[in-house]
S.K.: 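Sharing a structure below in structure tokens format, with a few things to ask.
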2 protein chains.
Amino acid sequence: MPKVTLADISREAGLGKATVSRALAVEPHPDVSEETRARVKAVADRLGYRPSVTARALRAGGYHAISAVIPDNAWGWWEPAVRAAFLEAGEHGYHVLAHAVAGRPGGAASVVEDLANVPTEGILLFGSSNDTAVLRAANALRLPTVAIDDVNDEVRVPTITVDNVAGAYQATTYLIQSGRRRIAYLGSGAKSTLFERDRLAGYKKALAEHGLEVDPELVVYDTAWKWDDGETPSRSAPIEYLVDRGISFDAVFCEFDMIAAPALRSLRRAGLSVPADVAIVGFDDDLAAQLLDPQLTTIRQPYERMGRNAVRKLLAAIGGERLQPTRELEAPELIRRESA
Amino acid sequence: MPKVTLADISREAGLGKATVSRALAVEPHPDVSEETRARVKAVADRLGYRPSVTARALRAGGYHAISAVIPDNAWGWWEPAVRAAFLEAGEHGYHVLAHAVAGRPGGAASVVEDLANVPTEGILLFGSSNDTAVLRAANALRLPTVAIDDVNDEVRVPTITVDNVAGAYQATTYLIQSGRRRIAYLGSGAKSTLFERDRLAGYKKALAEHGLEVDPELVVYDTAWKWDDGETPSRSAPIEYLVDRGISFDAVFCEFDMIAAPALRSLRRAGLSVPADVAIVGFDDDLAAQLLDPQLTTIRQPYERMGRNAVRKLLAAIGGERLQPTRELEAPELIRRESA
DNA sequence: GTGAAAGCGCTAACAT
DNA sequence: ATGTTAGCGCTTTCAC
């Protein structure tokens with residue numbers, strides 16, 4: 001299938017390339033007779049002409065596309081953020097190209113490196129691209145970069161993150177105000193990430209402010225949680241740990257929703273009813289939160305706002321604005337469902 | 001930030017464009033002295049040079065990229081398929097650009113139309129692009145197109161689909177062989193899609209082959225299921241329907257996993273224990289299947305095979321091969337977990 | 001080892 | 001209303 005170009009049509013139709021171009025333009029050019037246009041279109045159709053996006057872009061000087069890099073362990077939570085990013089970008093005439101890491105050997109960093117061969121004007125880093133390698137790669141490309149929910153301590157690119165401290169504080173306070181006093185903290189513990197630390201801090205802050213002590217026995221970790229292999233945790237040690245040792249508790253704040261799923265299961269096994277015996281609050285408002293039984297009360301990240309904000313920042317940077325590499329915090333929201 | 005081009009470096013370094021190009025080439029050109037290369041690189045670095053992907057592509061004659069169009073109600077199940085597509089394409093030197101419909105007004109069709117402005121060589125249609133409008137748009141682009149899990153009756157492009165009849169048959173047979181006799185079918189009923197019909201057919205076939213009658217009372221629909229708004233179903237009428245009317249049943253085959261989630265909930269409310277009183281089998285092996293309690297026994301679509309197969313077909317078509325617009329069926333697999 | 005020039009496919013000036 | 005030409009940024013002959 002030989003490539004059909006304007007020149008071919010021009011020759012075939014006995015018209016200049018310019019006329020053909022005008023006849024086929026996206027916004028119909030006024031200076032072309034209907035008759036000519038029709039003839040050109042007919043020839044183009046017959047020949048199976050497809051305009052070269054590449055040539056057009058070279059001419060126009062760009063694609064107006066930005067790239068979203070989406071990590072593996074982000075099922076559920078990032079969908080609304082990506083969605084919002086698509087919408088916001090679209091409103092500014094930009095395309096969003098989504099690049100899933102999808103278990104590639106080199107991880108997110110290699111995906112970013114690959115962007116060197118993709119016609120894109122900016123990079124949107126989603127989720128825990130916990131890797132300085134990723135940022136280095138992005139930097140090497142000299143492409144404007146904005147991160148959403150990056151968990152690096154060191155902020156090297158403009159970053160949009162939910163206010164984790166505030167969210168955990170909100171969750172814990174809600175539990176306290178519901179009359180709970182022995183509130184356990186269930187963490188993933190696998191990595192010492194920013195949000196793990198902040199959510200724990202918010203939990204402690206709420207306890208402190210309400211005159212409750214932090215009982216170290218109530219801060220437990222789910223050793224079953226697997227970070228990098230995409231596996232869903234199938235069991236939860238921490239609840240059993242508490243129950244087996246007879247450590248009493250009447251509420252659980254989970255570092256994120258996926259921790260809550262196996263916890264719910266363990267509670268049921270232990271004969272504890274939720275929320276009557278134990279109230280439980282998650283974090284993220286993952287899609288899974290609504291599938292659980294009871295449906296999970298959780299702290300929702302303002303995904304839409306985060307996605308749109310990130311795109312706006314990126315577009316501004318593309319426009320030449322100089323962005324500060326600072327972390328911008330977005331306020332989370334408590335979603336009351338059945339579990340607390 | 002003015003765009004820095006080869007010409008700029010050439011001027012700045014006092015070297016010809018060709019030399020600069022050679023020095024900066026991806027595969028280092030042998031005919032360039034180390035000294036020159038170093039100098040060129042230094043200048044490029046200082047100026048903040050970024051090669052134009054566009055110009056390179058125009059020169060080279062293409063991008064080697066294909067586009068995956070991902071509809072809204074496919075988030076969740078599509079991930080492994082897309083992942084496999086990424087991997088397979090990568091092995092052939094192709095990029096995959098993912099385009100989420102993400103609630104765009106025009107739906108998948110408008111996303112496909114937009115592909116006219118994206119440097120792509122082929123289209124991978126994911127999920128229920130139940131729309132002839134989508135196929136029309138794809139067709140208008142004259143781009144090779146392959147569909148995965150398309151639910152149109154009429155097959156107009158090469159299509160990879162799981163064998164829904166076989167899967168449902170397998171699930172139902174498994175229930176029968178486990179000693180169940182009163183097996184209910186829980187459908188979505190919202191649309192008369194291909195897979196709805198086929199899964200129901202597989203269910204009936206299994207019953208028939210094992211000498212069981214199809215009791216119309218046991219074929220019920222979840223009227224709560226919402227198709228297009230991305231909302232997760234929060235309740236399930238059908239189980240209540242059966243229980244309230246005293247229609248006995250000892251197993252449930254669900255048209256897909258998301259139907260099973262609320263069903264599980266309803267069963268628990270009704271005091272029915274799973275799988276002791278009622279066994280339940282889903283379809284899809286959605287990520288959610290493992291989060292449910294009990295974990296869902298389900299029919300898994302061979303996502304990896306489907307994704308890879310689709311990409312291979314598409315690449316063949318791009319290579320000039322003429323593909324038949326037929327539906328290719330892939331064999332599903334029963335995943336035994338706890339619910340049956 | 002390096003440079004000059006052509007050309008990928010298109011569109012926007014600038015003719016006519 | 002249509003044709004001619006130049007040039008977007010790059011790589012690749014082909015000379016030197």
Side-chain angles (χ1 to χ4, degrees), chain A residues 1-41 43-44 47-65 116-121 141-143, chain B residues 1-41 43-44 47-64 116-121 141-142:
Chain A
M1 35 173 20
K3 192 165 283 176
V4 183
T5 74
L6 269 194
D8 298 319
I9 302 180
S10 163
R11 191 168 354 89
E12 194 82 6
L15 286 162
K17 286 194 329 183
T19 307
V20 174
S21 172
R22 283 191 277 256
L24 262 25
V26 183
E27 328 239 330
H29 198 103
D31 285 355
V32 141
S33 75
E34 268 319 315
E35 195 219 316
T36 305
R37 193 191 310 283
R39 203 171 84 229
V40 169
K41 284 207 164 137
V43 175
L47 263 39
Y49 171 72
R50 233 173 57 77
S52 156
V53 182
T54 313
R56 280 225 246 252
L58 179 59
R59 183 86 242 274
Y63 273 112
H64 287 348
N117 306 309
V118 173
T120 191
E121 299 179 16
L141 289 182
R142 302 170 191 286
L143 283 176
Chain B
M1 32 174 16
K3 191 166 285 177
V4 182
T5 74
L6 267 195
D8 298 319
I9 302 179
S10 162
R11 193 170 350 90
E12 194 82 5
L15 286 162
K17 287 194 325 183
T19 307
V20 175
S21 171
R22 285 192 274 258
L24 261 25
V26 183
E27 328 240 329
H29 198 104
D31 283 357
V32 92
S33 74
E34 268 318 316
E35 194 218 319
T36 306
R37 195 193 307 283
R39 204 171 82 230
V40 169
K41 283 209 164 134
V43 176
L47 263 39
Y49 171 72
R50 231 172 58 78
S52 156
V53 182
T54 312
R56 282 226 247 252
L58 179 59
R59 184 87 241 280
Y63 272 111
H64 287 347
N117 306 309
V118 173
T120 192
E121 298 179 17
L141 290 181
R142 303 170 190 287

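As the structure is a computational prediction, the values presented were derived from the model and not from experiment. So you know, we letter chains A, B, ... as the sequences are listed, proteins then strands, and number each from 1.
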S.K.: Give a yes or no on whether the backbone of A:Ala13 and the side-chain of A:Arg39 come within a donor-acceptor separation of less than 3.5 Å.
M.R.: yes
S.K.: Can you tell me the distance, in whole Å, between the CG atom of B:Asp31 and the P atom of D:dA15?
M.R.: 16 Å
S.K.: Respond yes when some side-chain nitrogen or oxygen of B:Tyr49 is under 4.0 Å from OP1 or OP2 of D:dC10, and no when none is.
M.R.: yes
S.K.: Side chain of B:Arg22 only, please: which of D:dC14, D:dG9, D:dC8 is the nearest?
M.R.: D:dC14
S.K.: Output the rounded distance in Å from NZ (B:Lys3) to P (D:dG7).
M.R.: 18 Å
S.K.: D:dT2 phosphate, OP1 or OP2: any side-chain N/O from A:Thr36 under 4.0 angstrom?
M.R.: yes
S.K.: Please state whether the base of C:dG9 and the side chain of A:Arg50 form at least one donor-acceptor pair under 3.5 Å?
M.R.: no
S.K.: Can you tell me the distance, in whole Å, between the NZ atom of B:Lys17 and the C1' atom of D:dG9?
M.R.: 7 Å
S.K.: Just N and O in the side chain of B:Thr5: are any of them under 4.0 Å from OP1 or OP2 of D:dC8?
M.R.: no
S.K.: Please give, in whole Å, the distance from D:dT11 P to B:Leu6 CG?
M.R.: 6 Å
S.K.: Of the options C:dT11, C:dC8, C:dA5, whose atoms approach the side-chain atoms of A:Arg59 most closely?
M.R.: C:dT11
S.K.: Is the phosphate of D:dT11 approached by B:Arg56 (side-chain N or O, under 4.0 Å from OP1 or OP2)?
M.R.: yes
S.K.: For B:Arg50 and A:Leu143, indicate whether the former's side chain and the latter's backbone hold a donor-acceptor pair under 3.5 Å.
M.R.: no
S.K.: Scan A:Gly14 against the nucleic acid and name what it touches under 4.0 Å (heavy atoms): base, sugar-phosphate only, or nothing.
M.R.: sugar-phosphate
S.K.: Any side-chain N or O of A:Thr19 under 4.0 Å from OP1/OP2 of D:dG3?
M.R.: yes
S.K.: In whole angstrom, what separates A:Leu58's CG from C:dC8's P?
M.R.: 13 Å
S.K.: C:dT2 P sits how many Å from B:Arg37 CZ, rounded?
M.R.: 10 Å
S.K.: State, with a plain yes or no, whether a side-chain heavy atom of B:Tyr49 is found less than 4.5 Å away from one of B:Leu6.
M.R.: yes
S.K.: B:Arg39 CZ to C:dG1 C1': how many Å, rounded?
M.R.: 12 Å
S.K.: Name the residue closer to the 5' end of DNA chain C, choosing between B:Ser33 and B:Ala60 according to the nucleotide with the nearest heavy atom.
M.R.: B:Ser33
S.K.: Give a yes or no on whether the backbone of A:Thr54 and the side-chain of B:Thr54 come within a donor-acceptor separation of less than 3.5 Å.
M.R.: no
S.K.: As a test of understanding, state which of B:Leu15, B:Val20, B:Thr19, B:Thr5 forms a side chain to side chain contact (heavy atoms under 4.5 Å, CB included) with B:Ser10.
M.R.: B:Val20
S.K.: Output yes when at least one side-chain N/O atom of A:Ser21 is less than 4.0 Å from OP1 or OP2 of C:dA12, else no.
M.R.: no
S.K.: Measure from NE2 on B:His29 to P on C:dG1 and round the result to the nearest Å.
M.R.: 10 Å
